[in-house]
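Within every chain, numbering begins at 1; the chains are lettered A, B, ... in the order of the sequence lines, protein sequences first and strands thereafter. Computation of the quantities below employed the complete heavy-atom set of this structure, encompassing side-chain atoms and omitting hydrogens, waters and symmetry-equivalent molecules.
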Amino acid sequence: MGLRLPFGKTEVSAEEIDSLVDRDLAVEHAKTGNVNQPEERIQEFIETVPELLSWLEANGRVYLWRETTDPWKVYLAEILLQRTRGNAVEKIYDDVLRQFPDPETLVEATEGEIEDVVRSLGFVNHRTRTLTEVGEIFTEDFGGEVPGSLDKLKRPWRVGDYSARATQLFAREQPMALVDSNFARVIGRVLGYEMPSQPHKSDDVYALMEALTPDDPDLARSFNLAILDLGALVCTSEDPDCPSCPLNSACSYYESEQGRPD
DNA sequence: GTCCGGCAAC
DNA sequence: GTTGCGGGAC
């Protein structure tokens with residue numbers, strides 16, 4: 001066992017993807033977002049996933065936390081990455097791992113020591129309290145280990161669905177859908193899905209993403225990383241680079257001319 | 001000025 | 001549902 005790192009599986013046929021997603025369920029949930037011609041839209045999207053994964057292989061961002069399945073290293077990274085760019089986390093990640101190689105070292109640290117190492121990321125008070133609780137809870141209740149269920153991963157303050165699910169997906173080989181601002185923007189544009197203001201709170205958005213996420217650990221990894229990186233590098237909120245997007249042939253936003261160059 | 005691999009409080 | 005948290009990069 002063991003995931004293919006860093007990007008999971010990036011060579012795949014459309015037929016294989018089709019066999020690992022729930023197309024009919026995705027179509028049903030697409031209707032809730034007022035997607036036009038949902039059958040055709042979802043089918044086109046599924047057919048384009050191989051190109052999306054090839055794009056990841058060539059363009060994906062390489063970070064240390066993508067090169068490990070150590071749950072502690074992944075979980076720490078997810079806390080640092082909340083509302084924070086990967087490039088910012090990259091600069092301090094080595095220091096964080098060196099100072100806090102396991103939960104017990106967080107218990108032994110002073111508040112000031114934790115504040116100092118995360119200061120450049122912002123949310124300093126939030127992250128310091130979270131990391132303090134992570135140390136206490138994991139040491140006292142879970143024997144110093146990262147627990148294996150979503151509910152337990154979410155016990156520390158300000159660890160929510162995204163961080164917990166990302167840990168299960170990236171460290172525990174559990175195929176799982178993620179919903180964050182990147183996913184909402186990319187899927188919203190490609191499908192023409194009318195996103196609610198808080199996509200991660202929508203059961204329907206989660207159900208749609210679960211239906212579209214391949215039911216295979218390596219492909220779930222690559223699929224999620226691909227959408228994440230596409231949202232960060234190409235399908236940006238301001239001035240998306242649609243002409244170089246691997247999904248543009250299947251994209252509602254591109255079709256509508258909004259994404260066309262001047 | 002706007003945005004970032006969220007989350008909890010209100 | 002909406003708002004605050006935050007330093008850094010553009």
Side-chain angles (χ1 to χ4, degrees), chain A residues 5-8 52 55-56 59-69 71 73-93 95-96 111 114-134 137 150-172 174 176-189 194-206 209 213 220-241:
Chain A
L5 300 179
F7 297 138
L52 173 65
W55 176 88
L56 177 71
N59 299 283
R61 298 171 296 173
V62 177
Y63 290 127
L64 278 181
W65 54 89
R66 294 181 171 190
E67 297 183 327
T68 179
T69 55
K73 294 180 180 177
V74 172
Y75 187 80
L76 269 186
E78 297 309 332
I79 289 169
L80 303 178
L81 284 162
Q82 291 170 3
R83 293 297 289 175
T84 306
R85 290 184 157 85
N87 290 347
V89 175
E90 187 175 34
K91 291 177 181 161
I92 67 157
Y93 189 63
D95 290 336
V96 174
E111 191 175 289
I114 299 175
E115 284 176 0
D116 285 345
V117 74
V118 300
R119 188 172 315 281
S120 65
L121 301 183
F123 292 110
V124 180
N125 296 330
H126 284 178
R127 275 190 253 251
T128 299
R129 178 175 159 194
T130 299
L131 291 173
T132 300
E133 289 197 12
V134 166
I137 292 170
L150 290 176
D151 282 348
K152 290 174 180 169
L153 290 169
K154 287 162 68 174
R155 284 268 302 278
W157 182 71
R158 279 183 63 80
V159 177
D161 281 313
Y162 181 88
S163 308
R165 295 169 71 89
T167 301
Q168 299 295 67
L169 171 68
F170 295 128
R172 309 256 195 219
Q174 294 188 18
M176 193 143 332
L178 304 181
V179 177
D180 76 342
S181 55
N182 285 310
F183 290 79
R185 188 172 58 252
V186 172
I187 294 300
R189 283 176 177 163
E194 293 172 9
M195 281 292 162
S197 59
Q198 307 237 57
H200 68 279
K201 287 194 165 182
S202 161
D203 291 342
D204 200 72
V205 172
Y206 257 113
M209 293 310 301
T213 301
R221 180 184 180 89
S222 55
F223 178 79
N224 277 288
L225 286 174
I227 295 180
L228 196 46
D229 282 1
L230 197 67
L233 301 174
V234 175
C235 192
T236 49
S237 57
E238 308 283 319
D239 195 25
D241 185 13

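- Under 4.0 angstrom from either OP1 or OP2 of dA9(C) there lies at least one side-chain N or O belonging to Lys91(A).
- Between Thr84(A) and Arg127(A), some side-chain heavy-atom pair lies under the 4.5 Å cut-off.
- Distance from the side chain of Arg66(A) is smallest for dG5(B) among the nucleotides dG8(C), dG5(B), dT2(B).
- If you check distances only, the side chain of Arg83(A) never reaches the base of dC4(B) with a donor-acceptor pair under 3.5 Å.
- For Arg158(A), taking side-chain heavy atoms from C-beta onward, the closest of the listed nucleotides dT2(C), dG5(B), dG6(B) is dG6(B).
- Asp161(A) comes within 4.0 angstrom of the backbone, heavy atoms only, and of no base.
- No donor-acceptor pair closer than 3.5 Å links the side chain of Asp229(A) to the backbone N or O of Gly60(A).
- Applying the 6.0 Å contact sphere to CD of Glu111(A) captures no more than 12 heavy atoms from other residues, nucleotides or ligands.
- For Ala232(A), whose side chain is taken as the heavy atoms from C-beta onward, the closest listed nucleotide among dT2(C), dG6(B), dG5(B) is dG5(B).
- Where Val179(A) and Ser237(A) each meet DNA chain B at their nearest nucleotide, the meeting point lying more 5' is that of Ser237(A).
- In this structure, the nucleotide among dG5(B), dG6(B), dC3(B) sitting nearest to the side chain of Gln82(A) is dG6(B).
- Atoms CG (Leu153(A)) and C1' (dC7(B)) sit 16 Å apart, rounded to a whole Å.
- Nearest nucleotide to the Leu81(A) side chain, out of dG5(B), dA8(B), dG6(C): dG5(B).
- Toward the 5′ end of DNA chain B lies the nearest nucleotide of Gly231(A), the other residue of the pair Gly231(A) and Val159(A) mapping further downstream.
- In this structure, Leu233(A) atom CG and dC3(B) atom P are separated by 18 Å, rounded to whole Å.
- At a threshold of 4.0 angstrom between heavy atoms, the contacts of Arg61(A) include nucleobase atoms, whether or not backbone atoms are also involved.
- At a cut-off of 3.5 angstrom, counting only N and O atoms as typed in the model, there is a donor on one side and an acceptor on the other between the side-chain of Tyr162(A) and the base of dG5(B).
- Of the side-chain N and O atoms in Arg185(A), one or more sit less than 4.0 angstrom from OP1 or OP2 of dC4(B).
- In this entry the distance linking CG of Leu80(A) with C1' of dC7(B) reads 15 Å, nearest Å.
- Proximity note for Phe170(A) (side chain, C-beta onward) versus dG5(B), dA9(B), dG6(B): the nearest is dG5(B).
- A gap of 25 Å separates the P atoms of dA8(B) and dG8(C), to the nearest Å.
- Whole-Å rounding puts the Gln198(A) CD to dA9(B) C1' distance at 12 Å.
- When all heavy atoms of Cys235(A) and Pro240(A) are compared, the closest pair comes out as CA-CB, 4.1 Å.
- Rounded to whole Å, the C1' atom of dG1(C) lies 22 Å from the corresponding atom of dC4(B).
- Distances shown here put every side-chain N or O of Thr236(A) at or beyond 4.0 Å from the OP1 or OP2 atom of dC3(B).
- Put simply, Thr84(A) has no side-chain N or O that comes within less than 4.0 Å of OP1 or OP2 on dG6(C).
- Put simply, the side chain of Arg165(A) gets close to the backbone of Ala177(A): a donor and an acceptor are under 3.5 Å apart.
- Between the P atom of dC4(B) and the CG atom of Asp229(A) lies a distance of 14 Å, rounded to the nearest Å.
- Here the C1' atom of nucleotide dA9(C) and the CD atom of Glu90(A) are 14 Å apart, to the nearest Å.
- Checking dC4(B), dT2(C), dG5(B) against the side-chain heavy atoms of Ser197(A) singles out dT2(C) as nearest.
- Taking atom CZ of Arg119(A) as the reference point, atom C1' of dC5(C) lies 15 Å away to the nearest angstrom.
- Of the candidate nucleotides dG6(B), dC4(B), dG6(C), dG6(C) has the atom lying nearest to any side-chain atom of Arg127(A).
- Residue Asn87(A) is classed as having no contact, given no heavy-atom separation below 4.0 Å to the nucleic acid.
- Between the P atoms of dG5(B) and dG4(C), the separation comes to 22 Å (whole Å).
- In this structure, Gln82(A) and Ser163(A) have side chains that are in contact, with non-hydrogen atoms separated by less than 4.5 Å.
- If you measure from atom CD1 of Ile92(A) to atom C1' of dG8(C), you get 12 Å, rounded to the nearest angstrom.
- At dG5(B), none of the side-chain N or O atoms of Ser163(A) fall inside 4.0 Å of OP1 or OP2 (strictly under the cut-off).
- Checked by atom type and distance alone, the side chain of Glu133(A) pairs as donor or acceptor with a backbone atom of Trp157(A) at under 3.5 Å.
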